[in-house]
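Shown next, in structure tokens, is the structure this report addresses.
Read the numbers this way: they start at 1 and go in the same order the structure lists the ligands and their atoms.
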Amino acid sequence: MANTGGSAIGAMEGQGFYNRHSSMQAAGNAVALDIWEKAARSVKFGDEPLAIADYGSSQGHNSMQPIATAIRILRERAGSDRAVQVIHTDLPSNDFASLFKALEEDPASYMARASGIFPSAIGRTYFEPLMPPETIHLGWNSWTIQWLSRVPVHAPDHIFLNRSASSDIRDAVSKQQALDWRLFLTLRAGELRPDGRLLSLFPGKLPDRTGWEWLTGELWEALNDMRRDGPFSDDEILRITVPTAPRSLADIHAPFQEDGGLFAGLAIEHAEILPGPDVHWKDFERTGDAAGLARSWTGMMRAFSAPTITNCLDPKRDRAALVGELYDRLAERIAANPQRHEHFIAVVLLHKL
Ligand SMILES: C[S@@+](CC[C@H](N)C(=O)[O-])C[C@H]1O[C@@H](n2cnc3c(N)ncnc32)[C@H](O)[C@@H]1O
């Protein structure tokens with residue numbers, strides 16, 4: 001089995017920080033809601049309690065709308081008092097306290113004014129089995145599978161491995177991504193009930209464009225500034241790796257090419273790569289507030305990458321101060337060079353036959 005537990009991969013920035021700085025991801029999730037609704041309308045069930053899994057929930061805020069939508073549609077079909085179980089999963093290091101707080105207090109919580117809904121959470125990597133066989137009707141999985149299960153290699157020339165100039169390094173990433181995609185699909189296929197659906201949304205790439213150049217490039221340059229000014233050595237810079245990477249349509253389809261369109265009993269019902277919304281650009285155009293734009297994008301970058309970067313540093317150093325300085329420098333760089341954030345979203349709906 002793939003290993004994540006002992007690796008440098010961290011969950012999102014805690015104390016609810018990810019919930020407050022993930023409007024880009026929320027806007028991406030909204031793009032997939034039509035397809036998710038279609039899945040909820042078509043999945044077959046009997047008179048059993050209905051089970052929805054949320055694979056990689058983080059702190060929960062961005063799950064509220066998709067889960068509420070699924071519950072509404074399933075209950076329109078099954079009756080308004082049908083028991084629904086919702087199982088959120090994430091890494092053991094995830095800030096589950098914020099998730100449970102959001103279930104109670106977030107105005108968008110699917111628990112608001114609801115009865116007969118039973119939420120729970122599992123703190124374990126999804127590169128292991130998480131649920132009993134054939135128990136899940138609908139699986140939601142957003143913005144997680146870009147995280148590799150392990151760091152396959154370190155790159156001397158970028159913090160994001162797919163940005164390295166070395167084709168050997170990029171190949172190592174592609175190999176790990178292919179293994180991870182197959183393992184993730186195989187495990188989820190075992191957990192879905194026959195006719196169940198799994199929606200997976202993650203950063204996509206086009207044959208000639210990967211997106212993310214600007215923000216990932218500025219983070220790399222901020223690290224290099226710190227190397228130049230002293231706080232980080234070459235060796236530390238080599239070890240600081242955020243193991244995330246986008247997938248192409250060909251990557252998504254690859255496992256399904258071998259057995260008449262099926263993989264592990266799953267068929268692709270929908271797969272596309274769409275331009276991702278830039279949630280901050282309109283405000284910037286209206287106000288010209290480069291510092292505000294920098295705060296917004298630095299928050300997003302920090303929310304997903306700071307714990308992993310912290311884990312890459314020697315615990316004997318003042319890691320909080322170093323990481324704080326890194327994101328201050330990132331904010332300065334973004335404010336000095338405001339751009340549109342180009343990115344792409346892959347939306348994949350899988351059907352268990
Ligand atoms: C960017 S957040 C996405 C949160 C939420 N689904 C959303 O749409 O905003 C990515 C989440 O994936 C989780 N994650 C990464 N690798 C994982 C793994 N192997 N098993 C479970 N969760 C994982 C991270 O801990 C993090 O909470």
(request) Before accepting this row, confirm whether a basic side-chain N of the pair R329/D229 lies closer than 4.0 Å to the acidic partner's carboxylate O. (result) yes
(request) Decide if the gap between the ring center of F17 and the ring center of H21 is smaller than 6.0 angstrom. (result) yes
(request) Report, in ascending order of atom number, the atoms of ligand 1 lying under 4.0 Å from any heavy atom of S58. (result) 4 (C), 27 (O)
(message) Under 3.5 Å between any N/O of T144 and any N/O of ligand 1: does that happen in this structure?
(response) no
(message) For W140 and S142, which I'm curious about, is there any donor-acceptor pair between the side chains at under 3.5 Å?
(response) yes
(message) As an exercise, identify every atom of ligand 1 less than 4.0 angstrom from a heavy atom of A11.
(response) 25 (O)
(request) Identify whether the distance between the nearest side-chain nitrogen and carboxylate oxygen of K38 and D34 falls below 4.0 Å. (result) no
(message) Going by the rule ring-ring contact (aromatic ring centres under 6.0 Å, His included), which residues pair with H137 if we only count those two or more places apart in sequence or in a different chain?
(response) none
(request) Compute the shortest N/O to N/O distance between Q146 and ligand 1 and return yes if it is under 3.5 Å, no if not. (result) no
(message) Please confirm whether Y18 approaches ligand 1 to less than 4.0 Å, judged on its heavy atoms.
(response) yes
(message) Under 4.0 Å, heavy-atom basis, I'd like to know which part of N29 is in contact with ligand 1: side chain, backbone, both or neither.
(response) side chain
(message) Pairs of nitrogen or oxygen atoms closer than 3.5 Å, one from N62 and one from ligand 1: do any exist?
(response) yes
(message) Is it the case that ligand 1 has an N or O less than 3.5 angstrom from some N or O of R124?
(response) no
(message) Any salt bridge linking E191 with R188? Criterion: basic side-chain nitrogen under 4.0 Å from a carboxylate oxygen.
(response) yes
(message) Counting only nitrogen or oxygen atoms and a 3.5 angstrom limit, does T125 reach ligand 1?
(response) yes
(request) State if Y126 counts as touching ligand 1 under the rule of any non-hydrogen atom under 4.0 Å. (result) yes
(request) Starting at CG of L192, measure out to CG of L138 and round the result to the nearest 0.5 Å. (result) 8.5 Å
(message) Any nitrogen or oxygen of G10 lying under 3.5 Å from a nitrogen or oxygen in ligand 1? Just yes or no.
(response) no
(message) Is there a polar contact between ligand 1 and W143, counting only N or O atoms under 3.5 Å apart?
(response) no
(message) Please determine whether a side-chain nitrogen of the Lys or Arg among R182 and E258 lies less than 4.0 Å from a carboxylate oxygen of the Asp or Glu.
(response) yes
